[in-house]
Amino acid sequence: MTIATTLAPAEQKAFYDERGYILHPDLLTQDELATLRAALAEVLEESRGLTETNDKFSVTRGVDGNSHVRRVFSPTLHHRAFYDMAFHPRILDAVEALIGPNIQFHHSKLNMKPPTSPEARFEWHQDYPFYPHTNYDLLAVLIHLDEATKENGCLRIVPGSHKQGPQMHVFARDGAFSSKLADQAIIGDESAWLYAESPAGGVEIHHCNMLHSSTANRGDKPRSVLIYNYRAADNVALGGSTTHHLFGSMMRGTNPYQARLLNGTLIKLPGEIKDPLQRDG
């Protein structure tokens, strides 16, 4: 796995374009990591006694018979630390190197894998089919609050698979937890997979068409990942939810009020409308 700290921004972009991912193993300081962990602990206090999923927490039952939170929806809405981290200059620098200086937010989530929760895993999928856009400058930023290892269910990817474009998926009612590729053959042989292990505080970024999945946590330590999805400001949503907290917010740069298609065609948008899906009537 290439370490981004050894690459200049142009080299990061070239590697990302070719492989579809990049890792910044020490992007956060220990103090920043501690702040995020404390924020998660505060948010999880509200889930005590919860046995069913609601609009804030996704809950699953573990092998120990207890209920466990496997996701916090829109964490930027629920704690200032998660909100502030979405605007962190080092995070946005890493994103800008890959999709340019004009950056919008799409959504956030915080995934957790307790050691006793076999349902906290993800089938092979891509992100793009869940929220298609006018182009592919759309990526996921994974901030590891705990060390991510093969044993505790770190992300696994197929480097270079983003070049195949969007694939057909079989969608499930619980979204990405059970939705999966329709044609599993495109995953290929396991020898081509990469287990994207990361230290706590490390940041992994991958392309919206990257084939990825993760297993359940088979270790004895938790694995929590804060995820932000960003897009180029001229990349307009064609589907999926547009009601996420901070959806369409300008994080850096300026809003061109135009949609860029895959063939490079630019479509001007009215200045007061950030996204066609937000238009009334």
Side-chain angles (χ1 to χ4, degrees), residues 1-13 15-16 20-44 71-112 127 131 137-148 154-155 196-208 210 212 222-235 244-255 274:
M1 175 177 287
T2 290
I3 306 302
T5 50
T6 66
L7 301 177
E11 294 173 314
Q12 293 177 36
K13 170 66 170 169
F15 183 87
Y16 173 82
Y21 76 94
I22 201 156
L23 174 67
H24 297 261
D26 52 3
L27 198 65
L28 299 189
T29 67
Q30 288 302 303
D31 285 346
E32 290 165 341
L33 179 60
T35 296
L36 294 178
R37 286 173 167 170
L40 176 58
E42 289 181 30
V43 171
L44 289 179
R71 172 174 288 177
V72 179
F73 301 112
S74 294
T76 54
L77 178 63
H78 304 306
H79 201 286
R80 182 74 193 196
F82 299 139
Y83 177 94
D84 289 344
M85 184 56 62
F87 291 87
H88 195 299
R90 290 198 300 276
I91 296 291
L92 295 180
D93 286 347
V95 172
E96 179 175 343
L98 306 181
I99 63 173
N102 301 321
I103 302 169
Q104 286 185 354
F105 200 73
H106 189 273
H107 75 279
S108 66
K109 55 194 173 229
L110 203 162
N111 290 341
M112 284 166 287
D127 293 335
Y131 34 92
D137 281 337
L138 172 69
L139 50 73
V141 174
L142 278 64
I143 301 173
H144 295 87
L145 306 190
D146 303 303
E147 181 183 17
C154 71
L155 183 76
E197 295 183 310
S198 173
V203 173
E204 189 273 348
I205 305 176
H206 61 263
H207 191 279
C208 62
M210 170 64 73
H212 61 287
R223 196 220 71 170
S224 302
V225 180
L226 175 62
I227 303 175
Y228 299 133
N229 289 80
Y230 299 92
R231 66 187 186 189
D234 60 358
N235 191 12
H244 300 294
H245 185 239
L246 293 180
F247 175 85
S249 296
M250 287 300 303
M251 311 301 282
R252 174 175 286 184
T254 59
N255 192 337
K274 294 181 180 180

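Below, each value reflects all heavy atoms present in this structure, side chains not excepted, and no hydrogens, waters or symmetry copies. Model, not experiment: these values are computed from the prediction.
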Do the side chain of His144 and the main chain of Gly202 share a donor and acceptor less than 3.5 angstrom apart?
yes

State whether Asp26 and Arg90 are salt-bridged, where the test is any N-O pair (Lys NZ or Arg NE/NH1/NH2 against Asp/Glu carboxylate O) under 4.0 Å.
no

Residues Arg231 and His106: closest non-hydrogen pair is NH1-CD2, 4.1 Å

For the side chain of Gln12 and the backbone of Leu7, is there at least one donor-acceptor N/O pair under 3.5 Å apart?
yes

Rounded distance [0.5 Å steps], CD1 in Ile91 versus CD in Glu32
8.5 Å

Between Asp146 and Ser224, the two heavy atoms sitting closest are OD2-N, 2.8 Å

Going from CD on Glu204 to CG on Leu155, what distance comes out if it is rounded to the nearest 0.5 angstrom?
5.0 Å

Taking all heavy atoms of Thr76 and all of His245, pick out the closest pair and write down the distance.
OG1-ND1, 2.8 Å

Scanning both residues in full, the closest heavy-atom pair of Pro75 with Leu226 reads CG-CD1, 3.7 Å

Report the residue from Leu27, Ile22, Val225 that forms a side chain to side chain contact (heavy atoms under 4.5 Å, CB included) with Val203.
Leu27

Would a distance-only check, ignoring hydrogens and angles, find a side-chain to backbone donor-acceptor pair under 3.5 Å from Tyr230 to Ala86?
yes

Quick check on the 6.0 Å ring-centre criterion: do His107 and Tyr131 meet it?
yes

Measure the CG-CG distance between Leu246 and Asn229 for me, rounded to the nearest 0.5 Å.
12.5 Å

Side chain to side chain contact (heavy atoms under 4.5 Å, CB included) with Tyr228: of Leu92, Val95, Ile143, only one passes, and it is Ile143

Indicate the ring-plane relationship of Tyr21 and Phe15, choosing parallel, tilted or perpendicular according to the 30° and 60° boundaries.
perpendicular

Taking atom CD1 of Ile205 and atom NE2 of His24, what is their separation to the nearest 0.5 Å?
4.5 Å

Please report the closest heavy-atom contact between Tyr16 and Leu139, naming both atoms and the distance.
OH-CB, 3.7 Å

Distance-only, no hydrogens or angles: does the Asn102 side chain make a donor-acceptor pair with backbone N or O of Ala233 under 3.5 Å?
no

Are any side-chain N or O atoms of Lys13 and backbone N or O atoms of Leu98, one a donor and one an acceptor, separated by less than 3.5 Å?
yes

Does the ring center of Phe247 lie less than 6.0 Å from the ring center of Phe105?
no

Minimum heavy-atom separation for Leu145 and Arg37, please, with both atom names.
O-NE, 2.7 Å

